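In listed order, ligands and their atoms are each counted from 1. Throughout, residue positions are numbered sequentially from 1 according to the sequence presented. This structure is a prediction, so every number in the text was calculated from the model and none was measured.
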Amino acid sequence: MKHAALVTGASRGIGRAIAAELSAEGWPVCVNYLEHQAEAEELVRRLRAQGREAVAIRADVADRQAVEAMARAAAAELGPIGLLVNNAGISRQGLFQDTDDAAWDRILAVNLTGARNAIQAVLPHMLSEKSGCIVNISSIWGLRGASCEVAYACSKAAVVGLTRSLALELAPSGIRVNCVAPGCIETDMVRVLGPETRAMLVEETPLGRLGTPEDIAHAVAFFASEKAAFLTGQVLTADGGFIV
Ligand code: NAP
């Protein structure tokens with residue numbers, strides 16, 4: 001049976017590169033987005049023009065019902081979801097003491113509960129097939145900790161816990177669960193920090209540059225491939241040596 005890939009937060013940045021790379025690898029892809037509809041639809045048009053199957057579907061990953069509806073619509077259009085990439089994420093800078101309930105709850109709702117929602121939406125089919133692949137996007141800040149991004153770092157550390165725990169629970173069902181922890185990647189999320197912070201991050205990265213969204217897409221495509229058939233519960237840090 002033909003299987004499709006669902007990439008959350010694929011309208012921009014890392015998710016967009018992941019969707020394009022998986023499509024090039026032959027996966028029909030669902031390009032999930034929240035606000036940037038035009039960007040998501042433009043990507044889908046480009047992929048279709050290359051003869052590939054793709055669909056753009058809006059859903060807030062924090063909204064369980066919307067995610068379930070998206071998974072159903074994607075499966076109806078492209079075939080059952082055999083690969084899920086939990087990429088959608090948000091970050092905010094600020095002192096921990098100033099982090100109010102709304103900011104704290106939203107970061108956890110998108111970055112952690114969003115992954116939970118998407119996994120639970122696609123899992124019934126994977127369990128019945130006894131196969132499937134889930135790749136979660138964490139962050140080096142979830143491994144190392146991050147001043148002034150405590151909620152974000154907590155959510156990304158939790159994604160590592162989610163990955164390892166689910167890998168153990170789902171291995172007997174033939175479902176692999178892995179995680180990519182990007183370093184500093186050239187996307188809007190880093191651009192908003194301004195040129196000085198950007199230059200500092202380049203300086204702190206041993207390979208001397210920010211990563212590209214494609215650098216992360218390659219790591220995700222590896223986990224999704226048969227070459228990673230014996231890998232589960234792993235965290236692959238793709239950071240140019242930042243936290244070595
Ligand atoms: P980005 O450029 O800000 O893009 C974020 C993407 O997530 C957009 O496509 C956005 O969709 C989507 N999104 C945000 N909230 C969503 C929601 N509630 N529901 C559905 N989609 C949502 O970020 P990025 O840098 O590509 O980051 C992608 C992932 O990598 C995130 O999980 C991030 O934490 C992680 N990461 C990034 C870096 C980095 O240096 N950039 C480092 C480590 C980890 P719309 O635009 O359509 O709203």
Please tell me if the side chains of Thr237 and Leu143 come closer than 4.5 Å, counting only heavy atoms from C-beta onward. yes
Considering only heavy atoms, which protein residues lie less than 4.0 Å from any atom of ligand 1? Gly9, Ala10, Ser11, Arg12, Gly13, Ile14, Asn32, Tyr33, Leu34, Glu35, His36, Ala59, Asp60, Val61, Asn87, Ala88, Gly89, Ile90, Arg106, Val110, Ile137, Ser138, Ser139, Tyr152, Lys156, Pro182, Gly183, Cys184, Ile185, Thr187, Asp188, Met189, Val190
When Ile, Leu, Val, Met, Phe, Trp and Tyr are grouped by side-chain heavy atoms lying under 4.5 Å apart, directly or through other members, which residues fall in the same group as Val29? Val7, Ile14, Ile18, Leu22, Trp27, Val31, Leu43, Val44, Leu47, Leu83, Val85, Val135, Ile137, Val180, Ile185, Ile216, Val220, Phe222, Phe223, Leu231, Leu236
If you look only at pairs with a residue in residues 163-174, which of them pass as a side-chain hydrogen bond (donor to acceptor under 3.5 Å, both in side chains), with sequence neighbours excluded? Asn136-Thr163
Point-to-point distance, once rounded to the nearest 0.5 Å, from SG of Cys184 to CD1 of Ile140: 4.5 Å
List for me each residue that meets salt bridge (charged side-chain N to carboxylate O under 4.0 Å, His left out) alongside Arg176, sequence neighbours excluded, and say none if there are none. none
Please check this pair: side chain of Asp239 against backbone of Pro182, looking for a donor-acceptor N/O pair closer than 3.5 Å. no
